[in-house]
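Just follow the structure's listing: the first ligand is 1, and inside any ligand the first atom is 1. Note that the structure is a prediction, hence the values are computed from the model and not measured.
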Amino acid sequence: MTEKLYEGKAKILYTSDDPHIVLAQFKDDATAFNAQKQGTIADKGTVNATVSAHLFTLLEKSGISTHFIDQPAATQLRLQKLRMIPLEVVVRNVVAGSLVKRTGLSNGTVLAEPIVEFYYKDDALGDPLLNDSHILSVLELVSASQLSELRASALEVNGILSQFYVDCGIRLIDFKLEYGFAPDGSIVLGDELSPDNCRLWTLSDNRVLDKDRFRFDMGEVASAYQEVLRRVLAHS
Ligand code: UDP
């Protein structure tokens, strides 16, 4: 018997017969702006599960430890159960989204080098940006060496995914990762890798292929998600 462990905005997590394995059911539901905007994107569950499965497989081949096990159905992933770290680890190659608001730089400005930011995963607080002192000595979320490991891993993931997406004709503008602890205490990449939590622009003409189409009512949302899936499958 499986039971619902947790229901989030875009996924439901179920237990499995194995206490170390959970089943993620990807939904077509979409939310933005801390759930103030709600809707659905046709077949988003299938796109996000399938793109995530491919990207986790790619990362594993490059030596990154992830929670991905397999994809038993179109909208489902079997995953190693982790004790999640309440941080959103954001990597940026190009200025977009909240970095435009924070800096006043133009959307699309290419950064001199990739940067990593940490946000506190707390809906009630609106996921605020944290600095190292907040993470280490105020909230004590991880140790200093674990924080270094998270930064290094996020940048390594960025290198692998950026190259893969270039091969797909896509620029990886920014993305969000979440990590957790495996039972042996090692840090493992969790969550999903999909157009819901990445900004993806076409290389040829900076056409937006990600959730910003939903956030900002740009139209052709479902077809943009399908285009990402098509391009990823063509280059896997
Ligand atoms: N992101 C996410 N979940 C969040 C916040 C951000 O997946 O709760 C992703 C977002 O899709 C983008 C990157 O992290 O690819 C950076 O987002 P940003 O800080 O610019 O925030 P936003 O503009 O999405 O509010």
(message) Do Ser162 and Asn93 make a side-chain contact, defined as non-hydrogen atoms from C-beta onward lying under 4.5 Å apart?
(response) yes
(message) Side chains of Val208 and Phe216, heavy atoms from C-beta outward: is any pair under 4.5 Å?
(response) no
(message) Once you measure the plane-to-plane angle for His67 and Phe56, does it fall in the parallel (<30°), tilted (30-60°) or perpendicular (>60°) bin?
(response)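 His67 vs Phe56 ring planes: perpendicular.
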Does ligand 1 have any atom sitting under 4.0 Å from a heavy atom of [X]?
X	result
Glu117	no
Phe33	no
Ile173	no
Arg215	yes

(request) For ligand 1, note which part of Lys211 has a heavy atom under 4.0 Å away: side chain, backbone, both or neither. (result)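 Neither; nothing of Lys211 gets under 4.0 Å from ligand 1.
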(message) Tell me whether Asn206 contacts the main-chain N or O of Trp201 through its side chain, where contact means a donor paired with an acceptor under 3.5 Å.
(response) no
(request) May I ask you to decide if Ile21's main-chain N or O and Ser16's side chain share a donor-acceptor pair within less than 3.5 Å? (result)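 The answer is yes, because a donor-acceptor pair under 3.5 Å joins these two groups.
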Output the list of atoms in ligand 1 that are nearer than 4.0 Å to some heavy atom of [X], sorted by atom number.
X	value
Asp127	8 (O)
Gly97	20 (O), 23 (O)
Ala96	20 (O)
Arg92	16 (C), 18 (P), 19 (O), 20 (O)
Tyr119	19 (O)

What residue and atom, counting heavy atoms only, is the protein's closest point to [atom], and at what distance?
atom	value
atom 7 (O) of ligand 1	Asn197 CB, 2.9 Å
atom 13 (C) of ligand 1	Asp174 OD1, 3.5 Å
atom 17 (O) of ligand 1	Arg199 NH1, 3.6 Å
atom 5 (C) of ligand 1	Glu88 OE1, 3.7 Å
atom 3 (N) of ligand 1	Lys176 CE, 3.5 Å
atom 20 (O) of ligand 1	Ser98 N, 2.8 Å

Is a salt bridge present between [X] and [Y], judged by a nitrogen-to-oxygen distance below 4.0 Å?
X	Y	answer
Lys11	Asp196	no
Asp123	Lys9	yes
Asp174	Arg199	yes

(request) Classify the side-chain pair Thr15/Glu3 by whether it contains a donor and acceptor separated by less than 3.5 Å. (result)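 On atom types as modelled, these side chains do not qualify, holding no pair under 3.5 Å.
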(request) Indicate the atoms forming the closest heavy-atom contact of Lys211 with Ala32, along with that distance. (result) CE-CB, 4.4 Å
